[in-house]
Amino acid sequence: MADLIYRVNMAELSFKIEEVPSKWMGLGGRGLTSTIVAEEVDPECHPLGPNNKLVFAPGLLSGTSASNSGRNSAGAKSPLTGGIKESNVGGTSAGIFSKLGIKALIIEGLPKGENTFYQLHVTKNNVEFIPVPELVGKDNYAVLDAMMAKYDKKVAVMSIGRIGEMRMNIANISVKDPSGKLRSHGRGGLGAVMGSKKIKCITVDAADYKEVTIADPEKFKEASKIFTKALQENPISGQGLPAFGTNVLVNILNEAGGLPTRNFRAGNWEHAENICGETMAENIKARGGKTTHGCHAGCVIQCSQVYNDKEGKYLTSGFEYETIWALGAHLGIQDLDLIAKMDGLMDDLGVDSIETSVVLGLAVDAGILAYGDGAKAYELLSHDIPTGTPIGRILGAGTHILGKTFGLVRVPTVKGQGIPAYEPRAVKGQGITYATTPMGADHTAGYAVATNILNSGGHVDPLKKEGQVELARNLQIATAAVDSTGMCIFVAFAALDDAKCLPALVDMINARFGCALTIDDVVNLGKTILKREHEFNIKAGLNSADDRLPEFMKYETLPPHNVVWDFTGEEIDEFWNF
Amino acid sequence: MHVIVKLFAQYRESRFKAEQREYDIGTTAQTVIDTLELESVSPLGVLMVNGRHVAPSYILQEGDEIALFPKVGGG
């Protein structure tokens, strides 16, 4: 049976099931969420008002046996950036959406009652609206426990905590992973959009699903085998990521002078060894955690991990470089265990661990806490933000608003979103991505670090301007396409260095749907998505002046390489000439 | 001459994190990699000297800090 669109109206507490319009047929994941947002959401609307829509869409290959295909996209107009947002996640939701035959879930409108929060329970051909007063004021794990007690253990759960209920810009949408822990639609404040629609959680029932249909199973199997082999044989996705996780990057960025330290005042940190991936891996081995762990079924890379405390008790999983960087070098916490505890707490609270940690680091400049004061940072995170004290509300509004509130000049944001983990002056290709991506400063949108620092897909000197605009453009186009397939972005390491990987990915799409796409078609899809998102942003009032890095990076020299951000506006705007 | 050698990720196993070592004048980065048999563990990913990416043919100078990483990634 063909996939369908489930459309929910929160004003009426009603739903419709629609056929997929032919123009949306070839789209999935980010391609579909961004297209729906661009076609149906007024770019001038208030992101928390009745005219914004929250859209979920699994990738084109989600629900199949293809390795690493379990990413689900969420899209809306972002309350953080004021532009279009797509944020994708592992966990169990993508596969279950696909197996139920749901191509997209579109949530419109706001309920009339101000004080009622709902659970949406999605099953084959039905959506129930269940008031959940007992869950109001609860965070994610309490919601998960309640849903696990109510339904089959395989039920997909997407939820918000107290911070999402309060519609703070740092709120994310959390998704249950295969081990019952949490993954996040992290960036851009999508949890605030869900909170504005008075949705505490969405459950998707897996009890009665059908496997997705494959047009040409033999061809699919063959392509899938080649694809999986490419991921396993690539030294990054096959060895490096499983052994050390993404946190292996601490030492590399530190060596390269690209580890933003003390709110982007230096490119290396004297305490990097305390928080690096090698130290993390040693702790995990000594304490009985897991160095390998997948965020979704079918992941063969296993970059996640389970990190325990000294007593062997669970602290966190999905412990990522960007979070560790922000609480470490940026905010100054040297104790990896405290960083892990805060990471685990951020999962439960349902906040973007990048935006939250970047804003806490900026709070040092605001005089709210001292550099390295982990105890105060923990208090702000565990008390002020989730209870909504005045200072908690200001922090919860994100980096840009904290900067405005305290009259700060050195505010590391683009389009209102906090800059993560890679110093733009010393990793210039990544700086171009931060400046130009329609998402606001987002490292995953076009990961030029791969080619600037990691020698993946060749090498472009990170400290020079030459080649960076083209690099960032090509990567952003490719990423927009990959984000539409349901694939984890880490397949890009194999795709950049192994000529067999990308054709196998396209072959799987063709075998799944019985179509005949070429690699050029997929690249063109990436271009179309990116331009569609850019056009939405322009209509929303974001223009080329918003495609810029913070001004201080132009006149403050960054040690150790003593570099500044030296691109002119015209040079950056070249990005959009494609 | 004195050179500080820094090893990362899998290259540290059964070796060291950072050491000051003696090399003859004219030694290349490739010689350091070969002497330590790093590529028997994993192919070389990133080679930096004093925080700059260099080619394996780079000739080391007194006081250089050489950093060696296998193929690793993240994001």
Side-chain angles (χ1 to χ4, degrees), chain A residues 234-241 243-258 267-268 273 276-279 281-282 301 303 320-322 420-422 426 430 443-444 447-450 452-456 459-463 488-490 492-494 496-497 559-561, chain B residues 2-21 23 27-75:
Chain A
N234 181 273
I236 296 180
S237 51
Q239 293 172 28
L241 279 166
F244 299 100
T246 60
N247 198 32
V248 76
L249 293 171
V250 167
N251 277 332
I252 300 191
L253 269 301
N254 194 46
E255 267 315 303
N268 42 27
E273 191 62 34
C276 69
E278 290 87 341
T279 299
E282 273 174 35
I301 299 178
C303 74
E320 303 292 344
Y321 163 65
E322 287 73 19
Y422 310 92
Q430 195 61 31
H443 65 289
T444 67
Y447 193 62
V449 178
N452 277 178
I453 302 291
L454 305 172
N455 296 337
S456 192
H459 181 71
V460 174
D461 188 331
L463 300 175
C488 159
I489 194 60
F490 290 161
F493 288 113
L496 283 167
D497 288 331
H561 296 304
Chain B
H2 298 94
V3 171
I4 293 173
V5 180
K6 298 197 258 185
L7 302 179
F8 298 95
Q10 296 99 313
Y11 287 170
R12 286 184 173 182
E13 284 157 27
S14 323
R15 292 188 184 79
F16 54 88
K17 287 183 186 174
E19 251 181 37
Q20 182 171 296
R21 296 169 76 96
Y23 290 100
T27 300
T28 62
Q30 186 65 53
T31 306
V32 176
I33 295 162
D34 293 342
T35 316
L36 291 166
E37 296 180 354
L38 298 180
E39 297 206 275
S40 67
V41 180
S42 187
L44 181 77
V46 176
L47 160 61
M48 283 185 257
V49 172
N50 305 327
R52 299 294 302 260
H53 289 73
V54 296
S57 58
Y58 175 86
I59 296 168
L60 291 161
Q61 309 290 315
E62 170 68 29
D64 273 353
E65 288 191 17
I66 176 171
L68 296 153
F69 299 82
K71 271 276 188 191
V72 288

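All chains are named by letter (A, B, ...) in the order of the sequence lines, taking the proteins before the strands, and each is independently numbered beginning at 1.
Heavy atoms of B:Pro70 lying under 4.5 Å from chain A are absent altogether. The part of A:Leu249 that comes within reach of chain B is its side chain, from C-beta onward, which places non-hydrogen atoms under 4.5 angstrom from that chain. Heavy atoms of A:Pro462 lying under 4.5 Å from chain B belong exclusively to its side chain. When heavy atoms are compared at a cutoff of 4.5 Å, A:Glu282 approaches chain B solely by way of its side chain, counted from C-beta outward. Only the backbone of A:Asn452 has a heavy atom closer than 4.5 Å to any heavy atom of chain B. Of the two parts of A:Phe244, only the side chain, counted from C-beta on, holds a non-hydrogen atom closer than 4.5 Å to a non-hydrogen atom of chain B. Looking at B:Phe69, the atoms closer than 4.5 Å to chain A (heavy atoms on both sides) all sit in the side chain, from C-beta outward. Both the backbone and the side chain of A:Glu255 have a heavy atom closer than 4.5 Å to some heavy atom of chain B.
When each of B:Asp34, B:Thr27, B:Thr28 is checked for a side chain to side chain donor-acceptor pair (under 3.5 Å) with B:Gln30, only B:Asp34 meets the rule. The side-chain contact (heavy atoms from CB on, under 4.5 Å) test with B:Asp64 singles out one residue from B:Ile4, B:Asn50, B:Val5, and that residue is B:Asn50.
B:Glu37 CD: 12 or fewer foreign heavy atoms inside a 6.0 Å radius.
In this structure, the side chains of B:Val41 and B:Arg15 come closer than 4.5 Å at one or more pairs of heavy atoms. Within the 4.5 Å cutoff, the side chain of B:His2 has heavy atoms near those of the B:Glu62 side chain.
A donor-acceptor contact shorter than 3.5 Å is absent between the side chain of A:Glu278 and the backbone of B:Phe8.
Taking chain B as the reference chain and counting heavy-atom pairs below 4.5 Å, the highest number among A:Ile252, A:Asp461, A:Leu241 is found for A:Ile252. When each of B:Lys71, B:Lys6, B:Arg52 is checked for heavy-atom pairs under 4.5 Å with chain A, B:Lys71 comes out on top. In terms of heavy-atom pairs under 4.5 angstrom with chain B, the leader among A:Leu463, A:Val449, A:Asn247 is A:Leu463. Of the listed residues A:Val248, A:Asn268, A:Asn254, A:Ile489, the one with more heavy-atom pairs under 4.5 angstrom with chain B than any other is A:Val248.
A:Ala450 and A:Leu496 get closest at one heavy-atom pair: CB-CD1, 4.2 Å.
The aromatic rings of A:Tyr447 and A:His443 sit perpendicular, their planes meeting at an angle over 60°, well past the 30° parallel limit.
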